[in-house]
Novice: 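Quick one: structure below, then a few questions.
The figures that follow rest on heavy atoms only: side chains count, while hydrogens, waters and symmetry mates do not. Note on naming: letters A, B, ... go to the chains in the order of the sequence lines (proteins, then strands), and numbering restarts at 1 for each one. Quantities reported herein were computed from a predicted structural model and do not represent experimental measurements.
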Amino acid sequence: MADESAEDEAETDGGVRAYTVRLELVDEPGELLRALAPIADNGGNLLSIHHERGNITPRGHIPVEVDLESPPERFDEIVEGLRDAGVNVIQAGAEHYGEELSVVLVGHIVENDLSGTLSRIEDEADAVVQDLSLAAPDGTDATSSARIRLAIDSGRSDQVFEVVRSIGAEKEFTVVEPLVGGDA
Amino acid sequence: MRLAILGAGDVGRSVADLASEYGHDVVALADSSDAAVDPDGIDVDRALERKLGGDPLGPDDPEAVFETAYDVLVEATPTTLGDAEPGFTHVTRALESDHHVVLANKGPVAERYEELRALEADSEGSIRFEATVGGAIPVLSTIEDSTPQAVTAVRGVLNGTANFILTRMAAEGLDYEHVLAEAQDLGVAEADPTFDVDGTDAALKFVILANVLADGGFSLEDATVEGIQNIPGSALELAAEDGRTIRLIGEASREGIRVGPRLVPENGALAVTGTRNIVQIETKHAGSLHNSGRGAGGPETATAVLSDVGRLPPLDE
């Protein structure tokens with residue numbers, strides 16, 4: 001049995017995991033800095049921040065997406081810390097559970113109508129391509145890799161994977177999907 | 001217990017070598033052509049010395065193994081696919097004569113699970129096969145302790161060669177062919193690494209897990225399997241930009257089996273490095289359990305065989 005004091009310590013046996021937190025911020029100076037403080041204060045490690053200034057949420061706020069790492073046991077404290085600080089948390093959780101997922105495609109991606117591939121994923125999977133990263137070390141007419149970050153509706157990841165798989169099979173790409181489920 | 005060991009590769013030899021430490025006697029050790037058989041216990045050191053020196057294990061015919069008095073048949077012959085022979089026949093003969101069987105050979109458990117269980121039901125003996133999944137790591141016994149009904153899925157890395165290759169590719173920014181050659185030089189990959197890199201070896205283990213969860217119904221042909229041969233270094237670089245890496249991950253549930261390269265968090269539990277293996281056992285009531293360790297190797301796998309022997313009930317003579 002662990003004694004009381006052990007409750008304060010993060011159990012780090014499972015290592016750290018990556019999380020994505022979506023926040024809504026009021027468009028005022030200093031808001032972003034204020035919102036990030038509870039993350040570090042609770043033992044989280046900030047990975048990246050997407051400050052979508054151009055977008056406005058239905059409530060007239062600015063959506064901010066924060067990628068962070070923390071031991072799984074610390075994550076709830078981070079979210080709680082954010083809410084205590086008055087930050088509006090829209091969504092919190094391991095990335096794959098929510099509205100965003102990444103896949104890596106390998107093959108003759110560039111010369112095989114890259115933009116066509118992307119629009120088909122958007123149309124057929126009803127997803128939004130948020131980000132594309134391409135690596136073609138041997139030139140664009142050789143085997144290359146692309147990482148595509150997709151925004152999707154919650155709970156639709158299976159359908160999205162199916163679409164990406166079938167486009168991949170058609171174009172002879174190797175599709176590397178994220179592992180969904182369990183705490184990977 | 002008196003052990004009769006079939007197969008004198010790394011695992012069979014290590015079982016023979018370590019048996020006395022676990023309080024068991026080796027009454028037979030055989031490869032495909034020769035055997036050392038002695039109802040009072042064979043001279044293990046001498047048999048192993050002969051085998052390593054290129055001589056026959058002993059003066060006996062492998063057939064004599066089944067004629068001697070033993071309690072447990074240890075089936076450690078090489079894994080074969082399809083009809084899983086000759087392993088399946090070895091197991092059949094032992095069970096039909098009311099002996100226990102402990103398998104390190106994946107073939108019969110992956111390909112002919114229901115037949116094995118039917119043979120076991122008609123026998124005084126039992127079968128156990130911890131060594132077929134994850135070498136030294138207690139995977140099947142953990143599922144047994146949690147009860148298979150309370151386990152919803154098992155995921156993880158169960159091929160050390162593929163994991164080593166992906167780890168090195170990510171760390172050094174090298175391509176598949178280059179790292180494979182290095183792995184072969186180091187003895188991590190075999191001269192013919194096909195089953196390791198095309199996912200077959202991992203798939204067999206996840207088929208066995210699915211059979212345990214669903215009490216049968218699966219064989220290799222039911223698994224969706226993809227290997228790591230087409231993964232270039234650039235794919236691992238892109239994954240790393242996003243805090244991920246790529247691992248050859250298997251998944252087994254009552255619905256089926258899938259093995260393929262997958263994106264996992266770089267610092268997550270499943271992203272073990274080098275030849276290490278890991279399984280995540282997802283339970284209904286107790287969250288996820290992670291068991292990690294050495295998934296291959298003679299002495300490592302032999303410990304799983306000998307733990308199984310220790311779990312067997314005594315047989316009435």
Novice: Would you find more than 12 non-hydrogen atoms of other residues, nucleotides or ligands less than 6.0 Å from Glu172(A) atom CD?
Specialist: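 No, because the 6.0 Å sphere around CD of Glu172(A) holds 12 heavy atoms or fewer from other groups.
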Novice: After noting the C-alpha distance and the side-chain angles of Glu237(B) and Arg147(A), does the key distance pass the salt bridge (charged side-chain N to carboxylate O under 4.0 Å, His left out) rule?
Specialist: CA-CA 10 Å; Glu237(B) 274 167 38; Arg147(A) 176 169 49 78; over 6 Å; no
Novice: Calculate, to the nearest 0.5 Å, the distance between atoms CD and CG belonging to Gln280(B) and Leu179(A) respectively.
Specialist: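 Those atoms lie 7.0 Å apart.
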Novice: Please determine whether the number of non-hydrogen atoms from other residues, nucleotides or ligands lying under 6.0 Å from atom CD of Glu114(B) exceeds 12.
Specialist: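 Yes, the 6.0 Å shell around CD holds more than 12 heavy atoms from other groups.
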Novice: Taking every heavy-atom pair that is under 4.5 Å apart, which of Ala135(A), Ala146(A), Ser144(A) has the most such pairs with chain B?
Specialist: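 Top count of heavy-atom pairs under 4.5 Å with chain B: Ala135(A).
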Novice: Is there a side-chain contact (heavy atoms from CB on, under 4.5 Å) between Thr174(A) and Glu226(B)? Walk through the geometry before answering.
Specialist: CA-CA 9 Å; Thr174(A) 299; Glu226(B) 217 183 310; 3.4 Å; yes
Novice: Suppose we screen for side chain to side chain donor-acceptor pair (under 3.5 Å). Which residues come up paired with Glu172(B), at least two apart in sequence or across chains?
Specialist: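 Glu172(B) satisfies side chain to side chain donor-acceptor pair (under 3.5 Å) with Arg168(B) once adjacent residues are dropped.
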Novice: For residues Pro178(A) and Arg262(B), report the shortest heavy-atom separation together with the two atoms involved.
Specialist: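 Answer, listing the atom of Pro178(A) first, then Arg262(B): O-NH2, 3.2 Å.
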Novice: Can you tell which part of Leu105(A) gets under 4.5 Å to a heavy atom of chain B, answering side chain, backbone, both or neither?
Specialist: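 Interface part for Leu105(A): neither.
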Novice: I need the minimum non-hydrogen distance between Leu263(B) and Val103(A), along with the two atoms involved.
Specialist: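 Closest pair (atom of Leu263(B), atom of Val103(A), distance): CD1-CA, 4.0 Å.
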Novice: Can you tell me how far the CD1 atom of Ile246(B) sits from the CD atom of Glu177(A), to the nearest 0.5 Å?
Specialist: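 Between Ile246(B) CD1 and Glu177(A) CD, I get 12.0 Å after rounding to 0.5 Å.
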Novice: Using every non-hydrogen atom in the two residues, find where Thr143(A) and Pro232(B) come nearest and quote the distance to one decimal.
Specialist: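 Heavy atoms of Thr143(A) and Pro232(B) come nearest at CG2-CG, 4.4 Å.
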Novice: Just wondering, are more than 12 heavy atoms of other shown residues or ligands nearer than 6.0 Å to CZ in Arg254(B)?
Specialist: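 Yes, the 6.0 Å shell around CZ holds more than 12 heavy atoms from other groups.
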Novice: Heavy-atom distance under 4.5 Å to chain B: side chain of Val106(A), backbone, both or neither?
Specialist: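 Val106(A) touches chain B through side-chain heavy atoms alone.
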Novice: Give the minimum heavy-atom separation between Asp242(B) and Ser102(A), together with the two atoms involved.
Specialist: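 Asp242(B) and Ser102(A) have their closest heavy atoms at OD2-OG, 3.1 Å.
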Novice: Under the rule for side chain to side chain donor-acceptor pair (under 3.5 Å), what residues qualify as partners of Ser145(A), not counting sequence neighbours?
Specialist: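 Ser145(A) satisfies side chain to side chain donor-acceptor pair (under 3.5 Å) with Ser234(B) only.
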Novice: Show the nearest heavy-atom pair for residues Ala235(B) and Val104(A), with the distance to one decimal.
Specialist: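 Smallest interatomic distance, heavy atoms only, reads CB-CG1, 3.9 Å.
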Novice: Quick one: what part of Glu266(B) sits under 4.5 Å from any heavy atom of chain A, side chain, backbone, both or neither?
Specialist: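 For Glu266(B), there is no contact with chain A at all, as no heavy atom is under 4.5 Å.
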